[in-house]
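We count residues from 1, following the sequence as given.
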Amino acid sequence: MERICAGSGIDGISDLPSNVIDHILACLPLKDAVRTSTLSKKWKEKWYTVPQIIVDESFFHERSQRKLEGIISYILTRHEGKIETFSVSVEKVKDRYNMKLWIWRLSKKSIQELTLLIRRGRRNEVPSGLFSCQQLRKLNLRHFEVKPSHSFKGFQNLISLQLNKVNITTAVFEKLIASCPLLEQLTVRNLSCIDHLHINVPSLKYFSFDGEFKSIVFKTPLLEVLSINFYRIGSENNQFDLRFKFRGLPPAIKELYVRCQFQKFLAAGDTFTEVSTSYNHLKTLGITAFCFEKLDDISCLISLMESSLNLEILDITACNCKDGAVPETVLKFWEDQNHSSVSLNRLQKVAVRSFHGKDHELKFVQFLLANSPVLNELTVECMKNPDFDEDEIKSVLSLLCPDSAELKFIGGNYDSSSDDSSDSDDNSNGSYSSDSD
C-alpha cells in the first residue's frame, strides 16, 4: 500500500473515492457532517447527500427556536438525493407552516423512517401530506393531533408505528392501523381516546399500550409480545369504570407484560379458568402491582400458568396495598394447592419483587419451588420491613430451593414504593419495563 507522508503534496482527503466519503458522512452526526464541507472542494457539498438527517436541540442549542426551524428547512431545501431517515426532537414548533414544508419535501425524498418528537406547546395537526409518504417503514410521532376529517389510505409499507400524546379519535386510530397491511410493531402511549378498542392488524407481532381504555379486542393471530400499562388506574380523578375486559390472549403470544392491578386486567367473568385455550407459546410473563391478598388475582394467575405449558420466565412484583388480615379464603386456597397436580415443567427463572415477608407471599414462592422441577434461578427482592426477619425467610427458602437452583435473596434494599413512569420515545425491545408519561 502506498504511504502518504506529510509534505508529499498529495491531498489524501480529496483523493478518497466518492463511495468512501459517502460512507464516512453516513456515520457522522449531522453537525460533524456539515463541518466536513471545509475540508476540501470535493467535500464542500457532499453533506447535501447524506441519507440520514437527525436533529435535536443539542445540535443548535445556542439558536433560538425560530432560527432552529429555519435551519431545518434550509437543510431540507439544499438536500439532494434520497433521505432514508429524518428525525427531529425539539421543545416545540412555533411555525406550523414549517412542519408542512418539512413533510412536503420529505414526501419527495422517498423517506423510510420518520421521527417527529415535540415535547410541549400546542399540538400540531399532522399535515395531510404525511399520508403521501408511502415509502415509510417506521413512523414515530409525539405531541400531534390527527383530525377526523383527514382522508388517508394508511401506509402500505409501514412496519413500525409509535404514537405518544397524540389526539386521535378511536375510529380514526382503528382505521389508521387497519390500513397498514404490513404493520408488525405498534407502541401507543397517552392516547387521547379512552374507549373500546379493536386491534385488527393481522400482521402485528408486538403491541405496547400505556394509558387508559375500557376494553380491547384483538384480531392479531401473529401477536407475540403484549405489554399493557394502566399507570393511572385507581387515581381519584377517574370518573368511569376502568375494568379491562380481556377475553383470552392471542394464541401466538410469547411474552406478556402487565403493569396494573391484576383484577383490572381481567374483568369479572373473563378468568382463565373459564376458557379452554392453552397458551403453548407463552414463555415470559411479567406482572407488576400484583395483589397476593386477593383470591381472584391469585386464581387467575395460577390458571394462566397452568395454561402456559412452556412458561420459562416469571417476573412478578407485589403491590403496596396495606390491607389487614389475609382472608381465610386465600389461606385455604394455598392449603388446597398442596394437593394440586399443577406442574410447571419448563419454568426456569423466577423473580419475586417488592416482597414484604407476608405469609401468603411466602406460600406463593413455596408453591413455585414445589412445582417447578427444572427451576435454576430464584430471585427474591425484599422491601424494607421491620416486621419480619429476613434471615429467617432466607433460611426457609434455602431449605426448599433445589440444589440445581440458585437463590438470590436481596434483603431490605429494593425500592418499589412508586409506580412513577418516565416519558420515553424509544421503542421497547420487549423487556419488562414501563416508559409512559
Side-chain angles (χ1 to χ4, degrees), residues 16-39 42-60 63 65 67-93 95-118 124-144 146 152-164 180 182-185 187 425-427:
L16 287 173
S18 293
N19 63 325
V20 174
I21 295 177
D22 291 339
H23 179 73
I24 292 173
L25 290 174
C27 296
L28 292 175
L30 181 59
K31 188 173 183 178
D32 294 331
V34 174
R35 286 173 172 172
T36 63
S37 62
T38 63
L39 293 176
K42 191 172 182 179
W43 286 72
K44 186 175 182 180
E45 297 182 354
K46 266 294 186 178
W47 72 269
Y48 293 167
T49 63
V50 293
Q52 297 181 344
I53 297 177
I54 300 175
V55 179
D56 55 27
E57 288 187 335
S58 64
F59 189 101
F60 300 112
R63 311 284 185 179
Q65 181 67 37
K67 196 165 186 177
L68 170 60
E69 295 173 29
I71 292 174
I72 296 173
S73 298
Y74 171 79
I75 291 173
L76 290 176
T77 301
R78 298 300 301 270
H79 193 277
E80 301 173 359
K82 294 183 178 181
I83 299 178
E84 297 175 359
T85 301
F86 181 77
S87 176
V88 171
S89 176
V90 294
E91 192 71 14
K92 58 183 177 179
V93 174
D95 191 337
R96 298 192 175 197
Y97 174 76
N98 284 331
M99 183 70 70
K100 293 182 179 180
L101 177 63
W102 301 345
I103 297 299
W104 180 80
R105 293 196 179 281
L106 290 170
S107 68
K108 309 298 182 182
K109 297 286 187 178
S110 301
I111 182 70
Q112 295 186 27
E113 298 184 17
L114 176 60
T115 298
L116 298 173
L117 308 179
I118 315 300
N124 291 273
E125 182 180 345
V126 171
S128 58
L130 178 64
F131 300 101
S132 299
C133 302
Q134 286 300 308
Q135 298 299 317
L136 269 179
R137 292 177 59 79
K138 295 183 179 181
L139 176 61
N140 186 354
L141 298 177
R142 187 187 192 278
H143 212 72
F144 279 87
V146 181
F152 57 84
K153 299 179 181 179
F155 299 97
Q156 297 304 304
N157 293 289
L158 198 69
I159 60 173
S160 175
L161 175 63
Q162 297 184 63
L163 301 176
N164 189 357
C180 302
L182 302 182
L183 189 63
E184 296 182 0
Q185 298 183 345
T187 301
D425 298 293
D426 297 329
N427 193 16

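Atom CD1 of Ile53 and atom CG of Leu76 lie 5.5 Å apart (nearest 0.5 Å). One distance of note links CG of Leu106 with CG of Leu101; it measures 9.0 Å at 0.5 Å rounding. Between atom CG of residue Asn164 and atom CG of residue Leu117 there is a gap of 8.5 Å, rounded to the nearest 0.5 Å. Note that the CG atom of Leu141 and the CG atom of Leu114 stand 6.5 Å from one another [nearest 0.5 Å]. Atom CH2 of Trp104 and atom NZ of Lys109 lie 9.5 Å apart (nearest 0.5 Å). Atom CD of Gln162 and atom OG1 of Thr187 lie 4.5 Å apart (nearest 0.5 Å).
Leu116 places none of its side-chain heavy atoms less than 4.5 Å from the side chain of Val93. For the pair Ile111/Leu136, a side-chain contact is recorded, criterion being any heavy-atom separation below 4.5 Å from C-beta on. Between Ile118 and Met99 there is a side-chain heavy-atom pair separated by less than 4.5 Å.
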With side chain to side chain contact (heavy atoms under 4.5 Å, CB included) as the criterion, how do Ile75 and Phe86 come out once you've worked through the C-alpha distance, each side chain's angles and the decisive distance to 0.1 Å?
CA-CA 11 Å; Ile75 291 173; Phe86 181 77; over 6 Å; no
Derivation and outcome, side chain to side chain contact (heavy atoms under 4.5 Å, CB included), residues Leu139 and Leu130
CA-CA 10 Å; Leu139 176 61; Leu130 178 64; 4.3 Å; yes
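Side-chain atoms of Gln134 come within 3.5 Å of backbone atoms of Gln156 as a donor-acceptor pair (strictly under, hydrogens ignored). Between the side chain of Asn124 and the main chain of His143, no donor-acceptor pair closer than 3.5 Å is present. A donor-acceptor pair under 3.5 Å is absent between the side-chain atoms of Arg137 and the main chain of Leu158, judged by distance alone.
By the side-chain contact (heavy atoms from CB on, under 4.5 Å) test, Glu113 is found to be paired with Thr85, Lys138, residues two or more places apart in sequence or in another chain being considered. Phe155 meets the ring pair (Phe, Tyr, Trp, His ring centres under 6.0 Å) test with Phe131; sequence neighbours excluded. Applying the side-chain contact (heavy atoms from CB on, under 4.5 Å) rule to Ser132 yields the partners Ser107; only residues at least two apart in sequence or on another chain are considered.
Within 6.0 Å of atom CZ in Arg105, more than 12 heavy atoms from other residues, nucleotides or ligands are found, so the atom counts as buried in its surroundings.
The minimum heavy-atom distance linking Gly129 with Ile103 is given by the pair C-CG2, 3.5 Å. Closest approach of Arg96 to Glu125, counting heavy atoms only: NH1-N, 4.2 Å. The nearest pair of heavy atoms linking Ser160 to Leu183 is N-CD1, 3.8 Å.
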